[in-house]
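Here's the structure, in structure tokens; my notes come after.
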Amino acid sequence: MRYEELFSTFPELLREILEEWKLNRELLQEIRIRAGRPVLAVCRNREYQSVKTINRTEMKEILACLSNYSLYACEDELCQGFLSLPGGHRVGVAGRTVMEGGRIRTMTDVSSLNIRVAREVKGCADYVLPCLWERDRLLHTLIVSAPGCGKTTLLRDCIRQISDGAAGHAGMTVGVVDERSEIAGSYRGVPENDLGMRTDVLDGCPKAEGMMLLIRSMAPKVVAVDEVGSSEDLHALASAMNCGCVLLATVHAARMEELKTKPVLREMVKTGMFERYVFLEPCRVPGKIRQILDRDERPVSGKETGC
């Protein structure tokens with residue numbers, strides 16, 4: 001139903017193009033639409049290109065349709081460069097930005113859209129989770145990978161299983177700060193992805209502010225965030241740890257050596273903030289584990305698996 005819900009938001013023009021390709025909708029990964037260019041789609045890591053090019057009038061119609069003909073109501077998301085769709089799907093947006101007080105107020109003259117199809121892979125954390133516990137204590141964990149290797153997918157399933165209870169451990173309350181609506185895939189504030197029965201989501205809030213807000217309001221035992229990297233993130237993570245919360249986070253990097261080249265991330269490694277580092281393999285199978293290290297950079301397990 002999630003895919004049918006997505007396609008129902010498309011204008012007829014876009015549905016006709018997709019139907020010509022006869023793609024397996026459940027394997028569709030993304031659709032890129034650019035003014036004056038053909039439509040491109042990626043399915044099973046293969047790219048498809050339309051014969052037709054999209055003009056500016058058609059681009060406006062597609063954007064209006066995706067926003068349910070209420071772009072004004074989507075301004076908060078547009079200024080962050082995306083729109084949320086039912087089913088947890090997201091649309092990346094690029095065009096001319098309108099600035100106000102040194103901040104992006106909204107976006108006009110949209111020239112590019114990237115429709116990213118949401119996909120849950122339940123069970124992809126089955127191999128990882130037992131490595132994240134030490135007796136009855138969940139360990140502070142950082143999931144590390146290059147873009148597009150499945151770190152958010154893996155984080156999502158870790159959250160779900162920790163929340164519901166798995167690997168012989170009871171469920172725990174989890175607070176998720178979902179700054180760009182990528183973990184929970186919230187639509188109008190309601191998570192569309194399954195993050196477990198004991199999970200609370202703060203959607204569309206900056207990570208540093210959101211972590212402390214969630215701790216004060218919801219008292220989670222675990223705090224989960226995606227794509228950390230700023231000094232504000234570091235301070236908020238440290239504060240959450242001092243409040244007794246277990247940290248689950250992701251970051252962009254290929255390997256440990258790269259983490260140490262970035263000042264903020266180097267500080268995280270140096271202080272031993274995280275007790276487990278889960279490195280993902282850059283490959284066609286998202287979420288494939290390359291290596292798990294402890295805080296002293298010793299391998300926890302060298303076995304490879306895929307989700």
Take a 6.0 Å sphere around [atom1] of [X] and say whether it holds more than 12 heavy atoms from other residues, nucleotides or ligands.
{"X": "Asn242", "atom1": "CG", "value": "yes"}
{"X": "Lys221", "atom1": "NZ", "value": "no"}
{"X": "Arg15", "atom1": "CZ", "value": "yes"}
{"X": "Arg116", "atom1": "CZ", "value": "no"}
{"X": "Arg266", "atom1": "CZ", "value": "yes"}
{"X": "Arg137", "atom1": "CZ", "value": "yes"}

Query raised in the report: Can you name the one residue among Glu16, Glu58, Glu20 that meets salt bridge (charged side-chain N to carboxylate O under 4.0 Å, His left out) with Lys52?
Result: Glu58

Report task. Specify the closest pair of heavy atoms between Phe279 and Ala254, including all atoms of both residues, with the distance to one decimal. Result -> CD2-O, 4.1 Å

Can [X] and [Y] be counted as having a side-chain donor-acceptor contact under 3.5 angstrom?
{"X": "Glu275", "Y": "Thr141", "result": "no"}
{"X": "Thr53", "Y": "Arg37", "result": "no"}
{"X": "Ser230", "Y": "Asp233", "result": "yes"}
{"X": "Glu61", "Y": "Tyr69", "result": "yes"}

**Report entry** Cation-pi geometry met for Arg25 and Phe7 (6.0 Å, 45°)
**Finding:** yes

Query raised in the report: Do Lys207 and Glu179 meet the salt-bridge criterion of a basic N to acidic O distance under 4.0 Å?
Result: yes

**Report entry** Ion pair check, Lys122 and Asp194, cut-off under 4.0 Å
**Finding:**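 Salt bridge present between Lys122 and Asp194.
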
Query raised in the report: Under the salt bridge (charged side-chain N to carboxylate O under 4.0 Å, His left out) criterion, do Glu77 and Arg90 qualify, and how do the steps go?
Result: CA-CA 10 Å; Glu77 290 187 334; Arg90 285 163 41 89; over 6 Å; no

Is there a continuous path of hydrophobic side-chain contacts, each under 4.5 Å between heavy atoms, that joins [X] to [Y]?
{"X": "Leu139", "Y": "Leu142", "value": "no"}
{"X": "Val222", "Y": "Leu129", "value": "yes"}
{"X": "Ile33", "Y": "Leu13", "value": "yes"}

Report task. Look at the rings of Trp133 and His169 and say which category their plane angle falls in: under 30° parallel, 30 to 60° tilted, over 60° perpendicular. Result ->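 Trp133 vs His169 ring planes: parallel.
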
